[in-house]
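Data first, discussion second: the structure below is written as structure tokens.
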Amino acid sequence: MSSDINVIQMFVAGLAAFSLMFLPSLVELMYPKDAGPRVICGGSEIVNLMHLASLEENYRLDSLEQKKLSGALGFLPNLEQFI
Amino acid sequence: MLIEVVEFLFVFLLAILVAYLVRHNIFTFAVLRSANNTKKTESTPVAKFEPTVSILIPARNEENVIGRLLRRLTELTYPKKKLQVIVINDASTDQTGKIASDFHKKYSYIEVIHRDKKSGGKGKSAAMNHGFSKATGEIILCFDADYYPQQDIVERLTAPFVDPKVGGVQGRVVVLNEPQNMITRLIALERVGGYRVDQEARDNLGLIVQFGGTVGGFRRSVLEALHGWDESMLSEDTDLTLRTYLAGYKIKYEVTAECYEEAVDNWGAYWKQRYRWAKGHMQCFYKHIWKLLATNKLTFIQKVDGLLLLSVYFLPTIVLFSFILGLFLLLQLPAEGYGLAFIGLVPVSCYSFVGNFAPFFEVGVGLYLDGRKRSQWLLPLSILTFGFNLSICGLAYLNVTMDKIRRKKKHSWAKTVHSGSGDHYVNRLITVGEQLEQ
């Protein structure tokens, strides 16, 4: 009887030790804190280019708007003449 | 007599296993020692050397990923007037050809070769040779369709060619879809071990740096002298590596030239890919082993490293045989000799416990150098991929041996399928970049 218990104890202890080895892995898989991907491509470089492109686009739109507005307001008298 | 032969074989196989164990540890400590120097290299500005460059992209049914790579190549910082991008549409039945042609219409330096069903579909090497015949650059670089390089990768990959002895170059591969699932995370660990430690150590120690078939390239004159890619080889990269070294050139590893890859995300695709690698590597072993040992172009240490490199996929079979021989010897001994046999089995056990952990130690050190300590928690799970690789290599060995007996020379190319899941992570990286900006 006692030898049976020893075998069971050993089995449980072995299983526990084995599970313990994988415990950190399971924790990282379930609650990942370092899942990657590692940033290599200089994401900020891409963003910089995107920002530059959008700035250029904004500038182009602004000048278009300016032209439209000045055209639309062209009928108004030049107030400076009355000063 | 039989016992003596078995004993000799047992000791011989044991010596091979110990050699691998020692090699893994030498590599790991070599990289740890040079870690400070590597940091200096990372901050070193890229040399101003601007040869003309042709980038070859073999693509067969890659509609999910080809657009992402081509868009990225238009963002490269390398002068476009010195750049030629050649997409080899290898008899694709999906939209790959159309996507590449659309890019060609917009960007003149992107060219497309359409291979029809008759001439195409004969494997990567055949597609590469076709692309090479149209390439005009002094340096020929290769990227797989699922890759996503850093913007200044061409500058970094071409810089080593300043040295005329450099025939080829290899950059670092990083897994893009790492967070996707457990398999991609485990593949990412393998890549860290292979590229952060193994390749870098080989480069530092002046050993055989392995060309990985992508994120790298060759000097045009070297490729011409080697007559391009050998179309009968499944591991065309290992074959080119060996041929380059046997021709008296070396391959440089550039750890700062980094490129994302979309790793396979299921066990079926993993099996297929690794099986092809294992089989191709064994093919290379039989093709190059005698040339490697006979050449006077390599030093003794390089020959030993080349031998270990070529034999690496035989390792699981060697482990299995050494255990069987060990057990046979144990049963042959009289009862009082069991203790002696046990002592004989200790080294094998040591290899299983310590030796098998040596690659894990390598990965752990790689993660440490990358500053990814939490990922080290996943290391025990590497036992899964290790076990999987044991069976893959064992079966590949049986297959190659059968092919040798049957004198079969033609092999079918099993293509890796890419789902395009990496797009999500590219977008995520851009978001991270935006947050950093703010």
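Naming convention: chains lettered A, B, ... in sequence-line order (proteins, then strands); numbering from 1 in each chain. Computed over heavy atoms, backbone and side chain alike; hydrogens, waters and symmetry mates excluded.
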**Prompt:** Checking heavy atoms, do the side chain of B:Val175, its backbone, both or neither come under 4.5 Å from chain A?
**Reply:** backbone

**Prompt:** At a heavy-atom separation under 4.5 Å, does B:Arg372 approach chain A through its side chain, its backbone, both, or neither?
**Reply:** both

Are [X] and [Y] close enough that some pair of their side-chain heavy atoms sits under 4.5 Å apart?
X	Y	result
B:Pro179	A:Pro32	no
B:Arg185	A:Glu28	yes
B:Leu381	A:Leu29	yes

**Prompt:** Hey, is OH on B:Tyr109 packed in by over 12 heavy atoms from elsewhere, all under 6.0 Å?
**Reply:** yes

**Derivation and outcome, side chain to side chain contact (heavy atoms under 4.5 Å, CB included), residues B:Trp377 and A:Asp34** = CA-CA 10 Å; B:Trp377 289 24; A:Asp34 186 16; over 6 Å; no

**Request:** Working to the nearest 0.5 Å, report the span between CE of B:Met182 and OG of A:Ser25.
**Result:** 9.5 Å

**Request:** Nearest 0.5 Å please: distance from the CZ atom of A:Phe22 over to the CG atom of B:Leu379.
**Result:** 11.5 Å

**Evaluation steps, side chain to side chain contact (heavy atoms under 4.5 Å, CB included), between A:Val27 and B:Arg374** = CA-CA 10 Å; A:Val27 170; B:Arg374 178 70 185 244; 3.7 Å; yes

